[in-house]
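Notes for the one structure printed next.
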Amino acid sequence: MTATAPHQKARALKPGSPRPAKALCSECGLCDTYYIHYVKEACAFLNQQIADLEAKTHGRSRNVESEDDWYFGVHQEMMAARKQEPIPGAQWTGIVSSLACEMLTQNLVEGVVCVQNTPEDRFQPQVVIARTPEEVLAAKVNKPTLSPNLSVLEAVEQAGLKRLLVIGVGCQIQALRAVEKQLGLEKLYVLGTPCVDNVTRAGLQKFLETTSRSPETVVHYEFMQDFRVHFKHEDGSTELVPFFGLKTNQLKDVFAPSCMSCFDYVNSLADLVVGYMGAPFGWQWIVVRNQTGQEMLNLVRDQLDVQPVHSQGDRRQAVQQSIPAYDQGVTLPMWAAKLMGVVIEKIGPKGLEYARFSIDSHFTRNYLYLRRQYPEKLEAQVPEYAKRIVAQYKLPPT
Ligand code: FAD
Ligand code: SF4
């Protein structure tokens, strides 16, 4: 007879009931399963432990001497890539979906945790364990809302799956790594995306309504490297809104408190990360963190055009200027925002320097948020690499 593991006696929380991390909960889904048993150690907002988990997962934590390490995390390779034949309707060129399909068809995994949408709402996440490439493809494109990816972990164990791929964002992956040993898997593969400024479904509606000319027809959007938000509409048209024209005064409280307290933009604990912000416009940015990530990437390498990452410009002045502007909720008139967008696109940071710009802007903003809203959490919640990054800037007094 197999002994019952301690977590199997625990009870998942009921939907809508208060969560251990309270307002900081990112709804990662762990508490929707009996793995809630481990929540005090595992939750990214109760116990930030990125350095320890990096050492366990990648064999080392970030090297303090390497600026690339503090910014982009432990890695053995970075590159820009795009699919030679992009998947129509994917967020970018569909490298994430292609990789997951390949892992299923080559029988490396028996299931893939990914996020489809509900039949009624294209942005409402519906987490599934995909067993076929068709089910993976039905999860393409971002659902830009908090998503309980770990809520299916109990079902994974009950289905007896032993080889699993999880696709997810940083807070989900931190909790996943913390309970990895309890999942009874022979092999876990983790394919991460960077993530920032996520919102609840209601918050997303507010963002769309304050920013887009036609909120109800938006099918896809992204904050792009050309300093504009690109909204794609149902009719195929693209709407561009400059970052500097966003109504920051109305949007200040739209982002989830969890995302305002997060310093894991680059998904430090995934084996392989696929984003866009360190790559030229139109390309995806790939960070291979360890040997497992390398093996995963090799599966789709022949489907990709690849080029080295590059870095151009100097972000520091733009970041320093954006700190008080965001803090005071400054919104420029649209003509000035467009003009500033054009100028900064020409002379502003590109490639890895754009990624550093985005990391610096978000880390300084989040540091200020925590310092004001949760001063008692500041020391433990901010990892050492993020403290170093923030220390490069002059912050407003408390
Ligand atoms: P696709 O093939 O379209 O696949 C998308 C995958 O995302 C699907 O497998 C799906 O399961 C998963 N997914 C969808 N919604 C969610 C969700 N809410 N939570 C977890 N997983 C989800 N990259 C950057 O470089 N900078 C950023 O600031 C950035 N912010 C992001 C914010 C969010 C909320 C998300 C989900 C991703 C973000 N990314 C960011 C990653 C980027 O937008 C693309 O997702 C990534 O480059 C993969 O593109 P693709 O075409 O290969 O993905
Ligand atoms: Fe639970 Fe996840 Fe919320 Fe933390 S973030 S309280 S682990 S659901």
Side-chain angles (χ1 to χ4, degrees), residues 12-13 17-33 35-36 38-47 72 81-83 86-101 112-117 123-128 130 135-151 165-176 178-179 191-199 201 204 220-225 256-259 261-262 265-267 273-279 283-287 300 354-355 358-359 361-362:
L13 290 180
S17 59
R19 307 275 128 169
K22 304 193 177 103
L24 290 185
C25 172
S26 69
E27 298 169 26
C28 78
L30 189 84
C31 295
D32 303 328
T33 71
Y35 295 103
I36 188 179
Y38 305 105
V39 67
K40 270 201 203 148
E41 303 85 60
C43 175
F45 304 96
L46 295 175
N47 181 30
F72 310 125
R82 63 181 180 204
K83 284 210 67 202
I87 297 181
Q91 184 71 15
W92 282 78
T93 69
I95 294 178
V96 166
S97 298
S98 305
L99 225 148
C101 288
V112 177
V113 175
C114 54
V115 188
Q116 298 178 349
N117 57 284
F123 290 132
Q124 183 70 47
Q126 182 159 297
V127 184
V128 298
E135 287 167 348
V136 167
L137 289 172
K140 72 187 173 198
V141 78
N142 293 356
K143 284 31 125 203
T145 46
L146 301 177
S147 170
N149 284 30
L150 304 188
S151 60
L165 169 67
V166 176
I167 300 173
V169 298
C171 56
Q172 300 159 356
I173 302 308
Q174 187 180 314
L176 176 72
V179 300
L191 176 50
T193 64
C195 179
V196 81
D197 292 349
N198 217 337
V199 286
R201 184 62 186 86
L204 175 64
H220 166 299
Y221 75 85
E222 193 83 83
F223 286 71
M224 294 278 201
Q225 301 99 318
S258 53
C259 306
S261 317
C262 169
Y265 194 168
V266 298
N267 211 324
V273 178
V274 181
Y276 65 88
M277 64 183 177
W283 291 69
Q284 294 188 256
W285 174 50
I286 307 228
V287 185
V300 291
Y354 174 84
S358 194
I359 291 169
S361 312
H362 286 95

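In what follows, every heavy atom counts, from backbone to side chain, and hydrogens, waters and symmetry copies are set aside. Atoms within each ligand, like the ligands themselves, are counted from 1 in listed order.
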Any side-chain heavy-atom pair of [X] and [Y] under 4.5 Å:
| X | Y | answer |
| --- | --- | --- |
| Leu165 | Val113 | no |
| Tyr265 | Phe72 | no |
| Ile87 | Leu137 | yes |
| Cys114 | Val128 | yes |
| Glu135 | Gln116 | yes |
| Leu13 | Ile36 | yes |
| Pro148 | Asp32 | yes |
| Pro125 | Asn117 | no |

Please could you name the atoms of ligand 1 that [X] approaches to less than 4.0 Å, counting only its heavy atoms?
| X | result |
| --- | --- |
| Gly275 | 23 (N), 25 (O), 47 (O) |
| Cys114 | 11 (O) |
| Met277 | 25 (O), 26 (N) |
| Val169 | 19 (N), 20 (C) |
| Val141 | 1 (P), 3 (O), 4 (O), 5 (C), 14 (C) |
| Ser147 | 17 (C), 18 (N), 19 (N) |
| Gln172 | 19 (N), 20 (C) |
| Ile167 | 9 (O) |

If you measure every N or O of [X] against every N or O of ligand 1, does any of those distances drop under 3.5 Å?
| X | result |
| --- | --- |
| Ala90 | no |
| Lys140 | no |
| Trp285 | no |

Check the side chains of [Y] and [X] for a donor-acceptor pair under 3.5 angstrom, ignoring hydrogens and angles.
| X | Y | answer |
| --- | --- | --- |
| Ser147 | Glu27 | no |
| Asp197 | His362 | yes |
| Asn149 | Gln172 | yes |

Any N, O or S atom of Cys43 closer than 2.8 Å to atom 4 (Fe) of ligand 2: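 Under 2.8 Å: Cys43 contacts atom 4 (Fe) of ligand 2 through an N, O or S atom.
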Asn198 and ligand 1 - part of the residue with a heavy-atom distance under 4.0 Å: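 Contact part for Asn198 vs ligand 1: side chain (C-beta onward).
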Ligand 1-proximal atoms of Thr145, by part, heavy-atom distance under 4.0 Å: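 Backbone only; the side chain of Thr145 stays clear of ligand 1.
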Who's the nearest protein heavy-atom neighbour of [atom], and how far?
| atom | result |
| --- | --- |
| atom 41 (C) of ligand 1 | Thr193 CB, 3.6 Å |
| atom 33 (C) of ligand 1 | Cys195 SG, 3.9 Å |
| atom 5 (S) of ligand 2 | Ser26 N, 3.4 Å |
| atom 3 (Fe) of ligand 2 | Cys25 SG, 2.3 Å |
| atom 29 (C) of ligand 1 | Pro194 O, 3.7 Å |
| atom 22 (C) of ligand 1 | Val115 CG2, 3.7 Å |
| atom 2 (O) of ligand 1 | Ser97 OG, 2.6 Å |
| atom 1 (Fe) of ligand 2 | Cys31 SG, 2.3 Å |
| atom 2 (Fe) of ligand 2 | Cys28 SG, 2.4 Å |
| atom 6 (C) of ligand 1 | Val96 CG1, 3.8 Å |
| atom 6 (S) of ligand 2 | Ala21 N, 3.5 Å |
| atom 46 (C) of ligand 1 | Val274 O, 3.3 Å |
| atom 24 (C) of ligand 1 | Tyr276 CE2, 3.1 Å |

Residue selection (non-hydrogen contact nearest atom 17 (C) of ligand 1) among Lys143, His362, Gln284, Met224: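 The option holding the nearest heavy atom is Lys143.
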Options Asn149, Asn142, Val199, ranked by nearest heavy atom to atom 45 (O) of ligand 1, top entry: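 Minimum heavy-atom distance to atom 45 (O) of ligand 1 goes to Asn142.
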Check: Ala279 main-chain N/O paired with Gln225 side-chain donor or acceptor under 3.5 Å: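 Present.
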Residue part near ligand 2, for Ile36, under 4.0 Å between non-hydrogen atoms: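 No part of Ile36 comes within reach of ligand 2.
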side-chain contact (heavy atoms from CB on, under 4.5 Å) assessment of Val266 paired with Val287: CA-CA 9 Å; Val266 298; Val287 185; over 6 Å; no
From CA spacing to verdict: side-chain contact (heavy atoms from CB on, under 4.5 Å), Ile95, Arg82: CA-CA 7 Å; Ile95 294 178; Arg82 63 181 180 204; 5.5 Å; no
side-chain contact (heavy atoms from CB on, under 4.5 Å), paired with Phe45, selected from Cys25, Pro20, Cys171: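 Answer to the side-chain contact (heavy atoms from CB on, under 4.5 Å) test with Phe45 among Cys25, Pro20, Cys171: Cys171.
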Short N/O/S contact of Cys171 with atom 2 (Fe) of ligand 2 (below 2.8 Å):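 Given the 2.8 Å cut-off, Cys171 does not count as a ligand of atom 2 (Fe) of ligand 2.
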For ligand 1, is there an atom lying under 4.0 Å from some heavy atom of [X]?
| X | result |
| --- | --- |
| Gln116 | no |
| Pro125 | no |
| Phe223 | no |

Nearest-0.5 Å distance, CD of residue Gln91 to OG1 of residue Thr193: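 Those atoms lie 9.0 Å apart.
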Test log, rule side-chain contact (heavy atoms from CB on, under 4.5 Å), inputs Tyr354 and Trp285: CA-CA 12 Å; Tyr354 174 84; Trp285 174 50; over 6 Å; no
Heavy-atom closest contact (Val136 atom, Cys101 atom, distance):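 The answer is CG1-SG, 3.8 Å.
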Verdict with reasoning, Gln284 to Thr93, per side-chain contact (heavy atoms from CB on, under 4.5 Å): CA-CA 8 Å; Gln284 294 188 256; Thr93 69; 2.5 Å; yes
